[in-house]
Amino acid sequence: MAGLVLERFLADEAATARLGEDLAMSLRPGDVLALKGDLGAGKSSLARALIRAMADDSRLDVPSPTFTLVQSYEARVPVHHFDLYRLSAASELDELGFDEALAQGAALVEWPERAADYLPRTSVLIELVHHGDGRLARLSGQGAAFERAARSLAMRDFLGRAGWGDAQRRYFIGDASARSYEIVSLPGLPPRVLMNSPRLVLGPPVRDGKPYAVIAHTAQSVTAFVAIDRALRAGGVSAPEIHAEDLDQGLLLLEHLGAEGFLDSDGQPVAERYAAAAELLAMMHGKAWPDRMEAAPGVFHDVPPFDRDAMMIEADLLVDWYVPMLTGGPASAALRAGYHREWNAILDRLKGREYTLMLRDFHSPNIIWRGDRSGHDRLGIVDIQDALIGPSAYDVASLAMDARVTVSPDIERRMLDAYIAARHTAGGFDEEAFVETYAIMAAQRNSKILGIFVRLEKRDGKPYYLKHLPRIRDYLRRALAHTALAGLRDFYVAHGLLEERPL
C-alpha cells in the first residue's frame, strides 16, 4: 500500500491493547483497517481491544469471526469485524454485505490479501510481526483515515510525555468543528480530558480576499484557548486547569470539570442553574479584561474584536444557507441588499454600548454544573477559544436563548432578572441600553444559527441539527419583538423568514 509508514513496538499485551484504543479513537464511518500478520501475530488481540474501546465495554465478548466470517458490534461508530481466511473468492464480500457495512460503520479486516481489489485504496494497513519478546506494528496508508490514525498515535505520545502514557482513552465529545475530546484515566487518579485541537484549516476566500474564519475571528490554534483559560482562571472563573500542553500540535491535557449539565432528568432546563450562570456573567462583566493575553512565556493571544464585519458575515449565513433552503435557490440581490440595509441600521445602534470579554458560545453544552461547590465555582466553563471583545449582552443572549434546548419565556425572564439585579448591585449599569443590545445580539446570533444549522446539514451531512430550527425561529421572534428592531422584524416577516416550515 502506497503512502506513509508508522511503526510501533508493542512490548506486551497491554501495549497491544493501547494501540487498539488509539486506533478506536480515530475511527469514522467508511474507514477500513486491514490487519495483516501470521497466525498468533496478535491480530485478534488488537481487534478485540479496538472493539471494546469503541463499545466502551472492557468485558465485551469479541469472538474470532473465523467461522462466521463477520461479526458486527453496535458502538459510537458501528464496527464490523471480517475474517477472510476461509473466503473462496473476493467476490464473496458482496454476499457478506461489505459495502453496506462501510456505508454505516467501519470495518476491521483480517487476512486482507484475500480481498483482492475490494478494499478501498484509503484503507489503513496494519502489519503485525514478531519482534524480539514483543511485536512490531507497522501502519501504512494514505488519506484522511491514515491521517486520523497518525494523529491519534501522536496524542498517545503526548500523553506519554505528560506521564499518562498508560492511560485508558475513551471518546468524550466532538462538536461542529474539528476539535474532539476524550476522557483519559489512570487507576487511583481523577480522570482528565484530552483535548485535540488541530490548527484550523482556512477555507477559500469569501469576501475581500479573506476566508470566513478570518472575518468572523474564529480561533486558528489552541494558543487562544490556553491564553483565555489562564485569564479566566486568574479572574475567578472556573475554567479547566491545564496539566500539560503542546501548542504546536494543538494538544492539551485538562482538568475534568465534570459531566452534569443544565438539564433535569427529563431533559428540561433547570431555571436556578441558568440564573446562576447569569450571575456569573454579571460578575465577569463588572471586570476589566485585557485584549492581549499570555498563553506561555513570550507567547500571546490578541483577543479579536466582535466588529461589524464579523457580525455581518455571521448574520449573512441566514441568506447564504437558510434562504436557499426555503426558496430552493440563492437569495436574490434585492433580498440580500435589503437584509444588509436593515442590519447595518441596527448595528449602528451599538455605538457606545458596553463591550467586554465575550465568550461567544456561553450556553448549556459548554457550562458544567458542580452542585457540591458554592458561589460562582459551581459553574465550570469550557469551549472558550473563540472569545472576542464584544457587547456584554451577547453572552447573556447566548445563554437565555440556548440553541440546543428550549428555554421558556419565563426562565428567560428569570435569568435576565438575575443578571440585571446583579449588575445594579455592582453599580454603573445602564439597564435600558442593555435590554436593547440584548435584543440586537439575540437577533444576530439566532439569524446566524439558522444558517449554520442548515449548512451543517447541506454541506457537512449532519441532518440532526435541523430539528432545532423551530426553536431558533421562536427565539428570533422573541428578539425581534423589541421596538428598536421593528424595521428588521418587518423585513423578516415580509420575506417569510419567521414562518414555521415542515422539517
Side-chain angles (χ1 to χ4, degrees), residues 1-27 31-54 58 60 62-66 71 79-87 106-116 119-170 182 184-187 194 246 249 251:
M1 180 179 292
L4 300 175
V5 177
L6 294 172
E7 290 187 345
R8 280 289 189 275
F9 175 66
L10 309 176
D12 49 29
E13 290 299 318
T16 301
R18 285 193 292 273
L19 177 60
E21 285 186 355
D22 297 342
L23 294 171
M25 296 302 100
S26 74
L27 273 192
D31 287 353
V32 175
L33 299 184
L35 309 181
K36 188 175 181 181
D38 295 333
L39 289 171
K43 300 188 299 297
S44 295
S45 296
L46 182 64
R48 186 179 303 113
L50 185 153
I51 292 167
R52 286 174 173 173
M54 290 295 295
S58 61
L60 180 67
V62 183
S64 171
T66 300
Q71 293 280 139
V79 181
H80 307 277
H81 184 191
F82 292 84
D83 186 322
L84 308 186
Y85 183 74
R86 296 173 59 244
L87 215 64
L108 308 183
V109 182
E110 296 190 41
W111 300 97
E113 56 270 27
R114 296 179 181 267
L119 299 189
R121 290 175 56 83
T122 54
S123 300
V124 178
L125 177 63
I126 304 162
E127 297 181 85
L128 296 170
V129 297
H130 294 290
H131 188 83
D133 293 331
R135 301 173 178 132
L136 186 67
R138 184 177 295 111
L139 286 72
S140 58
Q142 57 189 340
F146 181 82
E147 291 170 3
R148 278 187 266 103
R151 176 74 175 178
S152 189
L153 295 185
M155 292 164 70
R156 175 68 71 179
D157 292 342
F158 167 71
L159 289 173
R161 294 192 296 273
W164 279 63
D166 294 339
Q168 181 188 77
R169 299 171 60 184
R170 289 295 183 265
E182 298 174 14
V184 295
S185 54
L186 285 172
L194 175 58
D246 187 326
Q249 290 203 74
L251 298 171

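- Residues passing the side chain to side chain contact (heavy atoms under 4.5 Å, CB included) test with A41, sequence neighbours excluded: L128.
- For R170, the salt bridge (Lys or Arg N to Asp or Glu O under 4.0 Å) criterion is met by E21, D56, not counting sequence neighbours.
- Taking each heavy atom of V5 and S140 in turn, the nearest pair found is CG2-CB, 3.9 Å.
- With sequence neighbours left out, A17 forms a side chain to side chain contact (heavy atoms under 4.5 Å, CB included) with A49.
- Here the shortest heavy-atom pairing between A137 and L10 reads CB-CD1, 4.0 Å.
- Using modelled atom types, one side-chain atom of R148 and one backbone atom of S26 make a donor-acceptor pair closer than 3.5 Å.
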message = I'd like to know whether V184 forms a side chain to side chain contact (heavy atoms under 4.5 Å, CB included) with L159, so could you lay out the CA-CA distance, the side-chain angles of the two residues, the decisive distance to 0.1 Å, and finally the verdict.
response = CA-CA 9 Å; V184 295; L159 289 173; 4.1 Å; yes

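- The side chain to side chain donor-acceptor pair (under 3.5 Å) check on R138 picks up E7, with sequence neighbours excluded.
- Here the closest heavy-atom approach between residue P63 and residue Q71 is recorded as CG-NE2, 4.0 Å.
- Smallest separation of non-hydrogen atoms from S123 and L119: OG-CB, 3.8 Å.
- None of L4, L125, L23 except one satisfies the side-chain contact (heavy atoms from CB on, under 4.5 Å) rule with L139; the exception is L23.
- Separating the CD atom in Q168 from the OG atom in S185 is a distance of 4.5 Å, to the nearest 0.5 Å.
- Every residue two or more places apart in sequence or in another chain that forms a side chain to side chain contact (heavy atoms under 4.5 Å, CB included) with V79 is listed here: I51, M54, L108.
- With sequence neighbours excluded, the residues forming a salt bridge (Lys or Arg N to Asp or Glu O under 4.0 Å) with E13 are R135, listed by chain and number.
- A salt bridge is absent between D38 and K43: the closest approach of a Lys/Arg side-chain nitrogen to an acidic carboxylate oxygen does not fall below 4.0 angstrom.
- Interatomic distance, CG of L153 versus CE of M25, reported as 12.5 Å (0.5 Å rounding).
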message = Evaluate V109 against L33 for side chain to side chain contact (heavy atoms under 4.5 Å, CB included), listing each step before the verdict.
response = CA-CA 6 Å; V109 182; L33 299 184; over 6 Å; no

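- H131 pairs by the side chain to side chain contact (heavy atoms under 4.5 Å, CB included) definition with F9, L136, not counting sequence neighbours.
- In this structure, the side chain to side chain donor-acceptor pair (under 3.5 Å) partners of D22, at least two apart in sequence or on a different chain, are R156, R169.
- Contacts of R161 classified as salt bridge (Lys or Arg N to Asp or Glu O under 4.0 Å), with partners at least two apart in sequence or in another chain: D246.
- By the ring pair (Phe, Tyr, Trp, His ring centres under 6.0 Å) test, W111 pairs with Y85, sequence neighbours left out.
- When all heavy atoms are compared, the tightest approach of A106 to L27 is CB-CD1, 3.9 Å.
- F146 is listed as a side-chain neighbour of L6, based on a closest heavy-atom distance under 4.5 Å.
- Checked against side chain to side chain donor-acceptor pair (under 3.5 Å), T66 has the following partners two or more places apart in sequence or in another chain: S64, D83.
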query = Run the side chain to side chain contact (heavy atoms under 4.5 Å, CB included) check on L194 and F158 step by step: do they pass?
reply = CA-CA 10 Å; L194 175 58; F158 167 71; 3.8 Å; yes

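- Counting all heavy atoms, side chain and backbone alike, A154 lies closest to L251 at O-CD1, 4.1 Å.
- Here H81 pairs with E110 under the side chain to side chain donor-acceptor pair (under 3.5 Å) rule; sequence neighbours left out.
- A distance of 9.0 Å separates OG in S44 from CG in L39, rounded to the nearest 0.5 Å.
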